[in-house]
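Reviewing the structure listed below.
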Amino acid sequence: MTSSYIPLQPAVLSLDDAGHLYSATYGDVYHSRTDALGQAEQVFLRGNDLPRRWQGRARFTVCETGFGLGLNFLALWRAWRADPRRATRLHVVSIEGHPLEREALRAAWDRHLPQALRASADVLIAQWPELLPGLHRLEFEGGAVTLTLAFGEAAVVAPRLSARVDAYFFDGFAPSRNPAMWSPEVLGALARLAAPDATLATWASAGNVRRTLAATGFEVRREQGYSKLHMIVGTRSAPAGPTCGLADDDAASVLVIGAGLAGAGVAQALALRGRTVTVLAPVGDAGAHRGHLAAALTPVIARDDNPRARLSRAGSQRALRRWAGMDDAVRRCGTLQLERDAGRATALAQALSGLAFPAQWARAVDADAAGQLAGLPVARGGVYFRDGLLVRPDRLVMALLSAPGITRKTGAAASLRQAGGLWQVCDARGAVLAEAGQVVLACAAQVPALLRAGGLLDPMPRLAQMHALAGEVTQAPAFALQGGPRCIVGGEGYLLPEVLGWCVAGSTYAHGAQETEVSAAGQRVNLDKAAGLMGEEAGHALRGLPAGDLPGWAGWRAVLPGRLPAIGPLTHAPGVWLATGYASRGLSWSALGGDLIAAWLCGEPLPLETDLIGQILPR
């Protein structure tokens, strides 16, 4: 474990002598000893002149330090619901270094939450995330209210946020108890997100807090606060710093080129935000995934929690939320990720211990426990991920593209050009197929050719190195495997649970292939890989299947150097966006890439940390 990784430490609640919720770590209570809801309304809502300031706006964003029991968020949400002139969309970003586990939060609410907030709290607790480091985007009111929970130390998290903040709720434990939360570095990092007319409020009225906030560019003053105490309010005085991108026209339509996992993910994310989307692709329903019976989405872990692991976790969590309810296409069945040998399994168990992830999200298992989870003997132990997803790609793509507001159009894009303030997509003869002010190129390995034809590829050497990698999967009859495993079994290859009488085994990587095809040689590779994961009986059955006579599917992967995708805007071509290079992890990037681009275009807080965005920006 490297020194840079800081495990997330959940909060431990206790009661002080008067029966108030208390943090022994910081030696402070969680909220007002008299009226927590009254304090939230007086200090944070009225201190930021709410609800007046959000009235008539398309969007309004609040940034909070110290989520705690969520009282400020619940009070804010309650005020928004009660205001007929409320902002169309309310976004809240809240930093919490020591979040509460779901049951601890529920128990605290049962005893201490004001009755007026309980109905909303029930909705919130149903979405409460696992305590994993990073950003967690929750959505309410059909997406009109979002809560982005930033779990981690404020000094680490604050510089990684991207938003355009209209109001700040500076809360948390007292500056004397938790000085790191109130440091010039943290408050300065958050102030750089301020909109030109941003305001702030806090119950902490100490002189050093006032001076620090003033130094970040706010005109601050002390006022009468709650229960005879003073508070600080402030208004932005210095020019606002760089923030996340905002669309010029929230109602403008968006053109998406490509109807695979990348394009469908972007189209659905935009449509859910009320945007009109046209999807252009050369083939019909399910596109390149027609006949792709099943695939798996499994997170990746690394002992130093490196960017690849963090991106994988973010993609898995976003997919789990975005695809909830698509039971015909997505099933949470769990994944057993087996190690190559017993020595590596021991090292992995030690890494998991250092990462301190919740055991219900990922835990080390020996071969016996792994076999019990799979329902069949397996070759060795590894890690069990409860959130492993079994996905039917063809059905998922069709479900994503069925969102209201999405129009399908058939055509083969060959070039991209700008005309009259719009981007036009043309076919091989130069005829315009579609045009829009914002265009998302999500057509896998065809993206470099489109950019080259429009003279846009030269500034992006990494994109110029994209190549197409062929691969195939094989369907093994479930009856030959005692019905197949109950969960995904992965490692060197994978074997999936039964779908329509078949268990999918994969996959091959054919470098330099001129075409994709289901082959006897490829099926032999897939069956042997799957056999190496299973116990003796299932392994023998897999090796005995007639390679070349089984059903399967073959397709292409668009691969970039480093095997991370390219997602985001082209700085040298405003209005053009990329969602490509998903390689063999299209399921990991589909929902995350879609929501990232949609949040950018719609002026929302971005659902991914800026250092991770830097890893996947087109270049």
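Being a predicted model, the structure only gives us computed values, none of them experimental.
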Would you say the side chain of [Y] lies within less than 4.5 Å of the side chain of [X], judging by non-hydrogen atoms?
X: Leu496; Y: Trp502; result: no
X: Ser94; Y: Phe73; result: no
X: Trp423; Y: Leu255; result: no
X: Leu441; Y: Leu451; result: yes
X: Glu141; Y: Arg81; result: yes
X: Val165; Y: Val62; result: no
X: Val156; Y: Ile6; result: yes
X: Thr148; Y: Val92; result: no

Short N-O contact, [X] and [Y], less than 4.0 angstrom:
X: Glu609; Y: Arg310; result: yes
X: Arg313; Y: Asp387; result: no
X: Glu101; Y: Arg106; result: no
X: Asp328; Y: Arg392; result: no
X: Arg160; Y: Asp611; result: yes

Drop me the distance from [X]'s [atom1] to [Y]'s [atom2], to the nearest 0.5 angstrom.
X: Ile406; Y: Leu272; atom1: CD1; atom2: CG; answer: 7.5 Å
X: Leu495; Y: Glu498; atom1: CG; atom2: CD; answer: 11.5 Å
X: Ile567; Y: Leu596; atom1: CD1; atom2: CG; answer: 6.5 Å
X: Glu153; Y: Gln9; atom1: CD; atom2: CD; answer: 9.5 Å

- Message: Is the terminal nitrogen or CZ of Arg303 (NZ for Lys, CZ for Arg) located under 6.0 angstrom from the six-membered ring centre of Tyr5 and within 45° of that ring's axis?
- Response: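 Cation-pi check for Arg303 and Tyr5: fails.
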- Task: For side chain to side chain donor-acceptor pair (under 3.5 Å), just list the numbers for Ser507 and Arg557, CA-CA rounded to whole Å, side-chain angles, deciding distance to a tenth of an Å, and then say yes or no.
- Result: CA-CA 12 Å; Ser507 63; Arg557 308 174 180 94; 3.2 Å; yes
- Message: Less than 3.5 Å apart, any donor N or O on the side chain of Trp553 or Glu472 sitting next to an acceptor on the other?
- Response: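 Side chains of Trp553 and Glu472: no pair found under 3.5 Å.
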- Task: Ignoring hydrogens and angles, state whether a donor on the side chain of Thr276 or Ser253 is under 3.5 Å from an acceptor on the partner side chain.
- Result: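 Short answer, no.
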- Message: Can you tell me which residue among Thr146, Thr61, Asp166 is in a side chain to side chain donor-acceptor pair (under 3.5 Å) with His91?
- Response: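 With His91 as partner, Thr146, Thr61, Asp166 yield a single side chain to side chain donor-acceptor pair (under 3.5 Å), made by Thr146.
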- Item | Option from Arg164, Arg137, Arg59 for which side chain to side chain donor-acceptor pair (under 3.5 Å) with Glu604 holds |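 So the option named by the test is Arg137.
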- Minimum-distance pair of heavy atoms, taken over all atoms of Arg275 and Cys602: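 Minimum heavy-atom contact is NH1-SG, 3.6 Å.
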- Task: On the 0 to 90° scale, with breaks at 30° and 60°, tag the Tyr582-Trp589 ring pair as parallel, tilted or perpendicular.
- Result: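 Plane angle over 60°, so perpendicular.
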